[in-house]
Structure formats: C-alpha cells, structure tokens
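Values in this document were obtained by computation on a predicted structure and should not be read as measured data.
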Amino acid sequence: MRLRLRAAGGGTLLIHPKGEPDHRAVEFARRLATDDRHTLVVLDLPAAAVEREWQAVARLLAPARYRSLRLVFGRGPREEIRRAGALIAERLGREVLAADGEPTPTVSGGLFVPADRGEGWLRFTPGRAAERDSRRFPKPVWEFTSPAAPLPFGPDTVAEPLPSGVWVRSTREEPPAAHRRRLVEAVPADLDLLLVVIGSPGAPAVALDAVARFWGTVLPSARPAVRFVLHGTLEAPGTAEPGQALADALGHRVVRYPALPVAVPGAGSPDAARVLGAPWYGQDRHAVVHLPAQSQSQAPVRVQPETRVQEPAPPVVAGGPRPSADVGAVAVAVAVAGAATPRPVAVRPPAPPGPTTAEPGPVASVPSSPVPPGPLVPEPTAPEPTAVGPVEPSPDAPAPATPAPAPASVPGFRLESGGPPPPPAPETVPDPAPSPSPSPAAPAAPAVPGAPAASAAVPASDGLRARVQPVPGAAACAVPPERGIEQERGWVRRTFSEQFNAIAGSVSRVMSESPGLRGTDRAEAAAALTELVSVRLYLSGDSRRADAAVRSADPGPHVPLARCVAAGLRRLPSYRGPVLLRSGLAEAERALYREGGLLTEWAFCHARTTLHAGPPDGTDVLVWSMTARRTAILDPAVPDRVLFLPGTGFKVLRVDGRTVMLRELSPSEIAADGRVDLRPVKLDAMALAGLERIPAALAAAGTDETVDGADPPGLMPVPPQSVPPPSVPRTTVPPPSVPRTTVPPPSIARTSVPPPSGARTPAPRTEGAGL
C-alpha cells in the first residue's frame, strides 16, 4: 500500500492511502487541538494495515523537522498500535506518543481515553519500556494531581477522571450512559482549571466527607485552580448552602460554578475547536466564592464594583516540601541588591455583566496560529471570584445552560484560550530599580530610528525618566552563551543551596509529570532541574529588581542566575498570540517608541494573556508574541503570565495615544550580520489584525492607583536626577568565570536589535509558534 502525507490544517498532518483522503478524516484532523510539544499526526489506515505499514509511516515522518510525534490511529487493534508506536520510536530515535484504547473526541478539540477503554496515551522512548503519559490530549497543567483511574473515596463514592477534571459521584446507582457521555464529550476542558463535578441528576447524594478525602489528594499548588460544580446533590449538614458547607469542610476557599461549562453558541467554529478552553470557559464570570467560616470576619456580602479585597497568600509550586515564602526573595536578594518590602495589592472587581460589543476579527487568517478568533471577542463579564463570601444566584435555582445576558455594563475581554485564571494573589512590589551604572565593557545603546538618542534620558511628566536599554557585553549578557552554562548551574546550586533544596522536590514532581521538561538522560535531567528551580526562584522573588540589574549591562552575580533562568524558560511551552502589559510610561517616555523602530529586551519582559487593571494615565503595550514562554506549570498562581526571553527583538507597529502595538521579531528576520529590514512586511499586517481590536475593550479592565505598571520591553526606568540612585552592594559570592570573547556584538544597520554575542542559535520553539 502506498501512503501519502499531507497537511490537514492547524499544524496537524494526515497520512492516508494514495489518492484523495476521506473527507471525514480531514475534518477530524482539522478540528483537533494544537499540540505544543509534539508533531500531531492522524493516520487514516485500514485496521489490518497498522502493523504491516509502520515502516512506510516511519519513512514519511523521518525528516527531523517533525520532532517527537503524537500518532492518532483511526482504527486498529490496541496491541498492534502499541507495537507500531514502539517500532516507529526505535526506527526514528524519537519520542512517540500513541493512544492505548479508543480516544474519544471532545467538544474542545481534545482526545480523551476513558478508563474503561484503555490505559490512555502512552509514551514510547527508544530503548525504554512504554510509559503512561496521560488520559487527556492536550495534557493540562493539573494532570499530575488528578486520578488516572477511578479511585474510591468512601464506601459508596468514587472519583472518576474526565477530560475537564474529575467526577466525584455515588456508586450506589450507576449513572445513565447519556450523563457520562455528556461529561466526556460536551463539557469543554480548560488546560489551567481543574473542574470537579459533584454528583449527577437523580443519583444519590455525595457525602461531604468523601469530597474532603478527595480534596486531600489535590496538591496545594493546584488547589487555586480547582472549580467545583454541583451536578447532583451534596449531603450538606442541616440547611447549609452546599458551597459554604464545602468551604467549611475543606478549610479552603471554594470557587463554585452555578452550572456545567458549555460551548457558547456561535463560538465553536472549526478553527476555535482546535484550542481548549476559551471562548467557552467563561463560567468564572458567574462563579460564587465561599470562604471557610473561621476565616470570615463579617457576614457574607454581595461584592460591589468598587469593593476592594485583599487576597490570601499565593500557593506553593506542585508538591514537595513547602518552601518558605521568602525563598525566592532571598535568592534574588543575593543575586542583586536585596529584596523589597512586600505590600498587599488591592483588586477591584469588575462591573456587572453586559452585552458583547465587538465581533470576531480576522486573526484566524494568521497561518498556524493556535489562537482562534473566539478568544479575541469581547465577552460580557461579571464580578470575578474575589468575593468574601457567597454571591447569588442561589444554588437551588435552576442554572441556565448558557450564560444569560445581563443589563448593560463594561465588556470583558480575554486574550488567549487558557480559561479564566485563579483569583490574583498579592504581589511583591519592589522599590524603584537601582540606577544602572555605565559599564566600560558595554557598548552604547543604539538609538531607535527616528527616536531620541538612547544615551539621553527623556524626562517624563511625572518626574520619572526612561531610556533604551544598553547592549550588554559578553560578561553581562543574560542570553546563555554557546559554550553552555555548566559553570552557571554549579554556581546557582552552591549559592542558593538552602533555597534550592527547599523547592527542588516540588519542581522534580512537575518534571516527572511533564517528561518533555526533563530531557533524555540523567545529565540533561539534572541540568533541567537546576534551570527550572532557577525559574521558580526568579518568579517567587523580587524579579523586577533582578531585571533592573540585568538591564544595567553590568557584570555581576545576577548574570549567572539570569542565564539559568533563561535556559529554564526555554524548556517551557511557548505562546503565540496577543499579550498585554500595562506600564506607567507617560507621554514623554512613549516618544521612545516610534513606528517602524526596533528595540531589544535584554532582561525578562513580563506580559499577560488576559486583561488586568493598570496604573492610571499609563501606557498599554500590546505585543504579538511568537516565542514568549508560559510559566503556569511552575507557578500556577499566575496562570496567564508569559515571559519574553533575553535578547528578544520587537518592532513598533503603531503608537496611538496611550496604546503601543509591537510585534516580536522572528529569528529568521535577523540576518547573520544582525541586520533587520525595516520595511513593512506581511507579518506586520497579520500582527496588527490581531492587536487593533483590543484597545476598544481595554476600558473593561480599568485602572487602579495601587497597581504598579510593568516594565515596557526595550526600555529601562531611570530615577529622576533629584533622587540619588541607590547603590547596589556587591555580594561576597563570586560569580563563575566567564571567558570574554574578542568578537564584539555584531553591528546593526538601521535597527536597535543586535543579536547577543555568542548566542546566534535561536531558542527552540514549540509547534505552531512561528508566523
């Protein structure tokens, strides 16, 4: 039999017998969710051809550009599929994933293997026995804390895996097949939120202590991402409201949905169906929040739009020993000038829900984009789950199948498909960044075309100043050098040994549940552990102060830590689509962004994929991301955060009032000599098509005078001259010796995006990450 390989759309490949493919197979492949870690391949072969055609399949997938593989067999015996997966992995020398059992398609483009139909997705690695990976594709971040098979939690209660989470139900009566089919096929899954469905209609009530026993198996780091929905009856004591009874029994804040999440009519297009979560997972807009009775200082109240609530402390990273809250802050304090004093950040719940005010835009026209038009549609919003007690509607009232329209209000907005994030936790707000001292080893920062000179600070209307970041020399650059970072990893392990040991266990647990993070051998796994622990230290500490030290272009102990953080971020999944950061830049500082100009970020630029409050009279920076890294797997407390790696270049597409639109430059756009063509290209129009609809919805997020703005990409804040810059004490721990290169950073004509010295190889990207 002669086979043919073709692209089915959305980054999915289809292998079928020679001739025209079956249109049903093409449609099935096109509707699958995007796989960020593997090349997704659908095999439409006769059932008897699986075992004899595996060599032909291996030949078609031999090119190195296909990387590791996820094979979806349309038909065939389970034993033959397992043998074929193992043989293809050995022949190609790559990791191969294949489903043991019959995968069930879900409404959000996933493939789920029920517990009674097989072991789920298996990972075949050359020279190793097959290992179970997950029951779900795509694999959610909470996979490590959910049961892989039905587990009893009492004499008549079981927790059963679902594509969207876990079903805690009574075993005294078997639920109808239609109920189970709805929970598996019709309830959309969210990669960031773990849905716990309690009971089923007409079935016996679920015991409260059984739910409490299940809650004991959920790791502390994943608990903020749990969302409960009462699908049947819960045995609550007396006349207690079920959600409040849950919160009291669990001793933890409970976020409860009034009904099962559903697909929003009109949003489930074939393009949108490739991505899990949004636009369907908007239930947090109607969620009810319950706090344990012992933690409430007053009676439950309905939260008004202007009510301010202080959030509890953020959770710990997955599993392992619970590190001190100061672990990350101490780590960054050693690397730079010390930790800032934390202060709580007040949050203002948004206004009540209102009607949609915009239509889907043309972002789906961007090739291979994992972001469908749906998430870029302004949605009605309601008070988010930051309440200090239950909020109506009553759980006894029938819940509508779809979110009902409400009176006019401010529209909500989501930038990506990750689903609503958990309520925000208090952030550490650092002191103003230290004034960078000039480094004799760092060349002068090139100017943005048409902008003021980079070396001249531009005074802002509020007294602050900003300038373009200087280009660091080889000894001060945070981009990992070509020689590797073994010296830096050893320095981090020695310098932060106490903090490292405190959280290495939790990071190891995350790595064990996400094999793509740990590499292929022991040495690579040890290196990955050090790098990912460095990322966790950076995220939990005074990251803003660390970034200021890196942007100063001065050598110092912050450099080895930053290099390990950059290497760890490269291991995390990438994100392609629109992101937002809200900065305190004033008009004079916005002048540094000139349309058509280029800038480079030499530290870690923080952005988010959802709307959030910003500082008053600031600047909204919208960026079309290509390789920004998601950090939720290491820090679930901020599931919508992404970080741009050091050395990332940005092109200014448009400056419109208080809004700046940028596009991340593709590595292919930077020539070998560092030159970048400044003429408008097709990529600019594509990025603008996905960004220009967002400003109309920014008013929904509002502003908050207590919120500090993010550091804008390519710029660095400088304190005013009237305030003496704080000195940065040097640590007594020497940094690793870094061999200096005699080759200066390449010159760049007509651009301020020089490639870092010794780092010409671009960071690896996941499937579909490039334009």
Side-chain angles (χ1 to χ4, degrees), residues 8 10 12 14 22 24-35 38 40-45 47 50 70-82 84-85 97-123 130 132-140 142-143 146-151 158-169 174-191 193-197 200 229 231 260-263 268 270 272-277 280-281 417 419:
T12 305
L14 175 64
D22 190 327
R24 293 171 297 181
V26 174
E27 186 67 12
F28 170 80
R30 192 176 71 87
R31 290 180 176 271
L32 290 180
T34 302
D35 194 332
H38 311 279
L40 184 59
V41 185
V42 174
L43 295 96
D44 183 27
L45 305 178
V50 172
R70 183 183 295 272
L71 305 182
V72 182
F73 290 86
R75 56 187 69 85
R78 290 170 53 183
E79 296 76 11
E80 293 187 10
I81 290 176
R82 293 183 61 144
L97 278 77
D100 176 80
E102 181 181 350
T104 301
T106 67
V107 69
S108 42
L111 293 173
F112 175 73
V113 181
D116 59 347
R117 298 187 185 179
E119 294 187 26
W121 291 93
L122 300 181
R123 187 187 319 109
R132 194 188 67 83
D133 181 71
S134 172
R135 289 200 176 275
R136 307 166 181 89
F137 159 71
K139 187 176 180 180
W142 42 262
E143 173 76 23
S146 63
L151 290 179
V158 67
E160 182 177 324
L162 295 173
S164 57
V166 181
W167 185 14
V168 181
R169 63 175 182 85
E174 189 66 19
H179 288 182
R180 176 177 278 105
R181 186 166 57 250
R182 179 190 177 191
L183 293 176
V184 171
E185 300 177 9
V187 175
D190 189 289
L191 298 180
L193 299 182
L194 170 59
L195 185 68
V196 178
V197 181
S200 60
V229 59
H231 191 45
L260 291 173
V262 294
R274 295 202 306 268
V275 182
L276 293 185
W280 309 294
Y281 224 95
S417 62

Report task. Tell me, please, which residues at least two apart from Arg132 pass side-chain hydrogen bond (donor to acceptor under 3.5 Å, both in side chains). Result -> none
Query - Distance in Å, Leu97 CG paired with Arg123 CZ, rounded so as to fall on 0.5 Å steps - result: 6.5 Å
Query raised in the report: Can you tell me how far OG1 of Thr106 sits from CG of Leu111, rounded to the nearest 0.5 angstrom?
Result: 7.0 Å
Report task. Not counting sequence neighbours, which residues clear side-chain hydrogen bond (donor to acceptor under 3.5 Å, both in side chains) with Arg136? List them please. Result -> Glu143, Ser146
Query raised in the report: Are side-chain heavy atoms of Asp35 and Pro138 found at a separation under 4.5 Å?
Result: no
Query - For Val158, all residues meeting side-chain contact (heavy atoms from CB on, under 4.5 Å), sequence neighbours excluded - result: Pro150, Arg169, Thr171
Query raised in the report: Would a distance-only check, ignoring hydrogens and angles, find a side-chain to backbone donor-acceptor pair under 3.5 Å from Arg135 to Val113?
Result: yes
Report task. Over all heavy atoms of both residues, which pair between Ser164 and Pro188 is shortest? Give the atoms and the distance, please. Result -> CB-O, 3.8 Å
Report summary line: Between Pro77 and Ala47 the two heavy atoms that sit nearest each other are CD-O, 3.8 Å
Query - Verdict with supporting geometry, Phe28 and Val72, side chain to side chain contact (heavy atoms under 4.5 Å, CB included) - result: CA-CA 11 Å; Phe28 170 80; Val72 182; 4.0 Å; yes
Query - Close side-chain approach of Leu40 and Leu32, heavy atoms under 4.5 Å - result: yes
Query raised in the report: How would you list, by chain and number, every residue that makes a side-chain hydrogen bond (donor to acceptor under 3.5 Å, both in side chains) with Arg75, sequence neighbours excluded?
Result: Asp44
Report task. Identify the heavy atoms of Leu194 and Trp142 that sit nearest to each other, and give their distance. Result -> CD1-CE3, 3.4 Å
Query raised in the report: Nearest 0.5 Å, what's the CH2-CG distance between Trp167 and Leu162?
Result: 7.0 Å
Report summary line: Tightest non-hydrogen contact, residues Gly76 and Ile81, listed as O-CD1, 3.6 Å
Query raised in the report: Going from NE2 on His38 to NZ on Lys139, what distance comes out if it is rounded to the nearest 0.5 angstrom?
Result: 8.0 Å
Query - Qualifying residues under side-chain contact (heavy atoms from CB on, under 4.5 Å), relative to Leu151, sequence neighbours excluded - result: Pro147, Phe153
Query raised in the report: Can you tell if the side chain of Pro161 reaches within under 4.5 Å of the side chain of Val166, non-hydrogen atoms only?
Result: no
Requested in this report: Could you list the residues that satisfy side-chain contact (heavy atoms from CB on, under 4.5 Å) with Glu119, not counting sequence neighbours?
Outcome: Arg82, Asp100, Leu122
Query raised in the report: Could you state the interatomic distance from CZ (Phe112) to OG (Ser134), rounded to the nearest 0.5 Å?
Result: 8.5 Å
Report summary line: Nearest heavy-atom approach of Ala84 to Phe73 is CB-CZ, 4.3 Å
Report summary line: Note: His179 and Ser200 closest approach over all heavy atoms is ND1-CB, 4.2 Å
Query - Rounded distance (nearest 0.5 Å) linking atom CD of Glu160 with atom CG of Leu183 - result: 8.5 Å
Report task. Could you check if a side-chain atom of Leu43 sits within less than 4.5 angstrom of a side-chain atom of Val50, using non-hydrogen atoms only? Result -> no
